[in-house]
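The sequence lines fix the lettering, A, B, ..., with proteins before strands; numbering per chain opens at 1. Heavy-atom basis, side chains included; hydrogens, waters and symmetry copies ignored.
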Protein chains: 2
Amino acid sequence: MNLRQLKIFLTVCESGSMSKAAKKLYMTQPSISQTISELEQELNVKLFERMSKKLLLTYAGEVLKEYAKRISSLVEEAQSTLLDISNLKAGKLRIGASTTVGNKDKYPSPLFNEFLSYLKEFPSQF
Amino acid sequence: MNLRQLKIFLTVCESGSMSKAAKKLYMTQPSISQTISELEQELNVKLFERMSKKLLLTYAGEVLKEYAKRISSLVEEAQSTLLDISNLKAGKLRIGASTTVGNKDKYPSPLFNEFLSYLKEFPSQF
DNA sequence: GCTCGTTACGTTGATCGTAAGTATC
DNA sequence: GATACTTACGATCAACGTAACGAGC
């Protein structure tokens, strides 16, 4: 199980079909199908009931979907926060001189203040 | 960023060195080093301060470590729950006949009861 | 016959190990 | 010289695309 598989699985869940998910992800439909099959084999459960023209989530599929949403959400938050840190590092000099830096992002990280105090204490870390 | 990188990163954090992490993960030390470098490049931050004989987490490293722990924890919970479902599927007949099935795992999934009711309603799904 | 999913197969890229290099103690 | 990390390079496996196939409308 990896993040790539979870992302593909989630996209299939949300779009309701593998072909639509393929378009969203700029992949081919066979690759999507193969990835879902891999997931099912690895977890030893059937994730979708293959109906004609419709995919129906099994119970295992529903459970995985909820986990996948929470996991993806955490991963995105992590990446966003690390990106903030990376950007702040690049704009380090400006931080000390400007009071508007806190407004430059729509979603300031909750770790922002913590970071600033850390920066003051250990400037050599950056 | 993927789960493999996070697992390796976490192991390095916990063991305090790349060579120890390599032993824990049954990998070679250069592979660990390479993976950490990849992570740092992808995220555009330095994760460790390379001291002599000691690795010190940077602020970015501390942040990633906390996220990595939460993400890994969720992933493990997901796998454990799906494994439960997989096992229950295999032991489907026994479920109906036995009252001890709920004790067979140390950590019964919180979704267990939900699953049982689902199983009764849609037995054909399994 | 069109749409959707699966299976088969070849190519490319990621992942890992081995070997060699650098630095600190 | 022993230990720990890095760099370089080659081999293996995973991931993806193309092509061909099967099923349902």
- Are A/F9 and A/Y67 close enough that their ring centers fall under 6.0 Å? no

Flag the pair [X] / [Y] as yes when at least one side-chain heavy-atom distance between them is below 4.5 Å, and no otherwise.
| X | Y | answer |
| --- | --- | --- |
| B/L6 | B/L64 | yes |
| B/R70 | A/R70 | no |
| A/N2 | B/R4 | no |

- Query: Base, sugar-phosphate, or nothing: which does A/Q5 touch, judged by heavy atoms less than 4.0 Å apart?
  - Reply: nothing

- Message: Need one value for B/S37: base, sugar-phosphate or nothing, where a base atom within 4.0 Å counts as base even if backbone is also close, heavy atoms only.
- Response: nothing

Please give, in whole Å, the distance from [N] [atom2] to [X] [atom1]?
| X | N | atom1 | atom2 | answer |
| --- | --- | --- | --- | --- |
| B/Q34 | D/dC9 | CD | C1' | 11 Å |
| B/L56 | D/dA4 | CG | C1' | 16 Å |
| A/I32 | D/dT18 | CD1 | C1' | 15 Å |
| B/M18 | D/dC5 | CE | C1' | 7 Å |
| A/E38 | D/dA14 | CD | C1' | 8 Å |
| B/R50 | D/dT3 | CZ | C1' | 17 Å |

- Task: Ignoring backbone atoms, test whether A/S31 places a side-chain nitrogen or oxygen under 4.0 Å from the OP1 or OP2 oxygen of D/dG17.
- Result: yes

- The answer to which of A/N2 and B/S33 contacts DNA chain D further toward the 5' end, by nearest nucleotide, is B/S33

- Message: As a quick check of understanding, evaluate side chain to side chain contact (heavy atoms under 4.5 Å, CB included) for A/V45 and A/E40, giving each step before the final call.
- Response: CA-CA 5 Å; A/V45 294; A/E40 292 181 319; 5.7 Å; no

- Under a criterion of less than 4.0 angstrom to any heavy atom of chain B, what are the 5'-terminal and 3'-terminal contacting nucleotides of DNA chain C? C/dT15 to C/dC25

- Strictly below 4.0 Å, heavy-atom distances to any atom of DNA chain C: list the hits from residues 20-30 of chain B, or just say none. B/Y26, B/M27, B/T28, B/P30

- Item | For A/K23, all residues meeting side-chain contact (heavy atoms from CB on, under 4.5 Å), sequence neighbours excluded | none

- Query: Under 4.0 Å between a Lys/Arg side-chain N and an Asp/Glu carboxylate O for A/E14 and A/K7?
  - Reply: no

- Would you call A/E62 and A/K65 a salt bridge, taking side-chain N to carboxylate O under 4.0 Å as the test? no

- Item | Residue pair B/S17 / B/S15, side-chain donor-acceptor N/O under 3.5 Å | no

